[in-house]
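What's counted below: heavy atoms across the whole structure, side chains too, no hydrogens, waters or symmetry copies. Count residues from 1 along the sequence.
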Amino acid sequence: MFSNEIARLKTLGFQGLLFQALNLLTVVSSGLMMWKGLCLVTNSESPIVVVLSGSMEPAFYRGDILFLTNPAEVTYEIGDITVYKIPGQNIPIVHRVIESHISNTTQLLLTKGDNNPGDDITLYNGIEWIERKHIIGKVRGFLPYIGYVTIAMNDFPQLKYALLGCVGLVMLIQQET
């Protein structure tokens, strides 16, 4: 099946393989630079996130992709949908602001999932309020269900490795015209 491609790779020699590897490295580094640029423009450590649970239904469903911004000078209002991360937890949480207080110069927030019976104090791990430093961003837009690809790759790591292998193989066997 791949005998022609393997034969072609053998004929490329060291320089040809090095050239293909550099092409792959260029694509990967370009993607990384675009991501970091997007982080800088939006002032968010993660300007694109995937909804992982049903706690925000009917506003957002599992698998929706959310686009975030986190302007430093803007305060969060009651009703804003925020994405925050609690220290010691790796998974960001997407919930709505239900209370907001300003203490000295710090804004304190209490959040709740639209589909949850109570507020998020139990999720805060001993913290009484969410502070600005915990917030990744405010939701500005979304694409429904497209994030299921990410969820599938996290639930089935073999799928992730197969997809990465296929992309790498295509990059190696593609011909320059």
Side-chain angles (χ1 to χ4, degrees), residues 1-70 81-95 111 113-116 120 123-125 130 133-177:
M1 180 173 170
F2 294 109
S3 59
N4 291 340
E5 285 79 12
I6 293 172
R8 192 179 67 77
L9 284 175
K10 287 180 181 177
T11 61
L12 284 176
F14 178 73
Q15 284 182 331
L17 287 175
L18 185 60
F19 180 73
Q20 292 291 8
L22 286 174
N23 276 341
L24 180 63
L25 186 62
T26 301
V27 169
V28 170
S29 63
S30 295
L32 244 159
M33 285 189 294
M34 286 190 301
W35 177 259
K36 285 299 181 183
L38 192 59
C39 289
L40 220 112
V41 167
T42 61
N43 192 35
S44 177
E45 71 182 61
S46 183
I48 300 172
V49 296
V50 175
V51 177
L52 298 176
S53 75
S55 68
M56 280 303 292
E57 292 178 4
F60 301 116
Y61 292 91
R62 189 171 194 259
D64 290 353
I65 291 181
L66 307 178
F67 301 100
L68 313 176
T69 61
N70 193 15
I81 299 173
T82 61
V83 178
Y84 63 90
K85 197 185 288 186
I86 299 298
Q89 294 181 352
N90 294 329
I91 298 173
I93 300 169
V94 180
H95 282 171
T111 58
D114 290 356
N115 202 21
N116 291 350
D120 292 347
L123 297 176
Y124 296 166
N125 289 341
I130 293 293
K133 65 184 177 184
H134 300 121
I135 295 176
I136 297 172
K138 177 181 178 179
V139 176
R140 296 295 183 171
F142 75 102
L143 285 173
Y145 304 114
I146 297 190
Y148 267 114
V149 174
T150 303
I151 293 172
M153 284 194 283
N154 284 333
D155 289 348
F156 307 103
Q158 301 86 353
L159 178 65
K160 183 185 340 184
Y161 298 129
L163 185 63
L164 285 173
C166 288
V167 168
L169 185 62
V170 166
M171 291 295 294
L172 282 175
I173 64 175
Q174 80 175 1
Q175 293 183 2
E176 294 287 324
T177 53

Backbone N/O of Arg62 and side chain of Tyr148: donor-acceptor pair under 3.5 Å: yes
Rounded distance (nearest 0.5 Å) linking atom CG of Asp114 with atom CE of Met56: 3.5 Å
Over all atoms of both residues, closest heavy-atom pair of Ile65 and Val50: CG1-CG2, 4.2 Å
Full working for side-chain contact (heavy atoms from CB on, under 4.5 Å) between Leu68 and Thr42: CA-CA 7 Å; Leu68 313 176; Thr42 61; over 6 Å; no
Lys85 vs Asn90 side-chain heavy atoms within contact, under 4.5 Å: no
Verdict with reasoning, Leu159 to Leu163, per side-chain contact (heavy atoms from CB on, under 4.5 Å): CA-CA 6 Å; Leu159 178 65; Leu163 185 63; 5.6 Å; no
Rounded distance (nearest 0.5 Å) linking atom OG of Ser53 with atom CD1 of Ile91: 9.5 Å
Shortest non-hydrogen contact between Leu123 and Gln89, atoms and distance: O-NE2, 3.6 Å
Close side-chain approach of Tyr61 to Phe142, heavy-atom, < 4.5 Å: no
For Asp64, all residues meeting side chain to side chain donor-acceptor pair (under 3.5 Å), sequence neighbours excluded: none
Interatomic spacing from CG in Leu66 to OG in Ser46 - rounded to 0.5 Å: 10.0 Å
Beyond-backbone contact of Asn23 with Val27, side-chain heavy atoms, under 4.5 angstrom: no
Which atom pairs, one a donor and one an acceptor, fall under 3.5 Å between side chains of residues 31-38 and the rest of the protein, sequence neighbours left out?
none

Min side-chain heavy-atom separation Ile135-Ile130 under 4.5 Å: yes
Main-chain N/O of His95 paired with Thr82 side-chain donor or acceptor, under 3.5 Å: yes
Ser44 side-chain N/O to Ile136 backbone N/O, donor-acceptor pair under 3.5 Å: yes
Heavy-atom pair with the smallest gap, counting every atom of Asn116 and Ser55: OD1-CB, 3.5 Å
Heavy-atom check, side chain of Tyr124 versus side chain of Thr111, under 4.5 Å: yes
Distance in Å, Ile151 CD1 paired with Ile146 CD1, rounded so as to fall on 0.5 Å steps: 12.5 Å
Val139 side chain near Phe67 side chain, heavy-atom distance below 4.5 Å: no
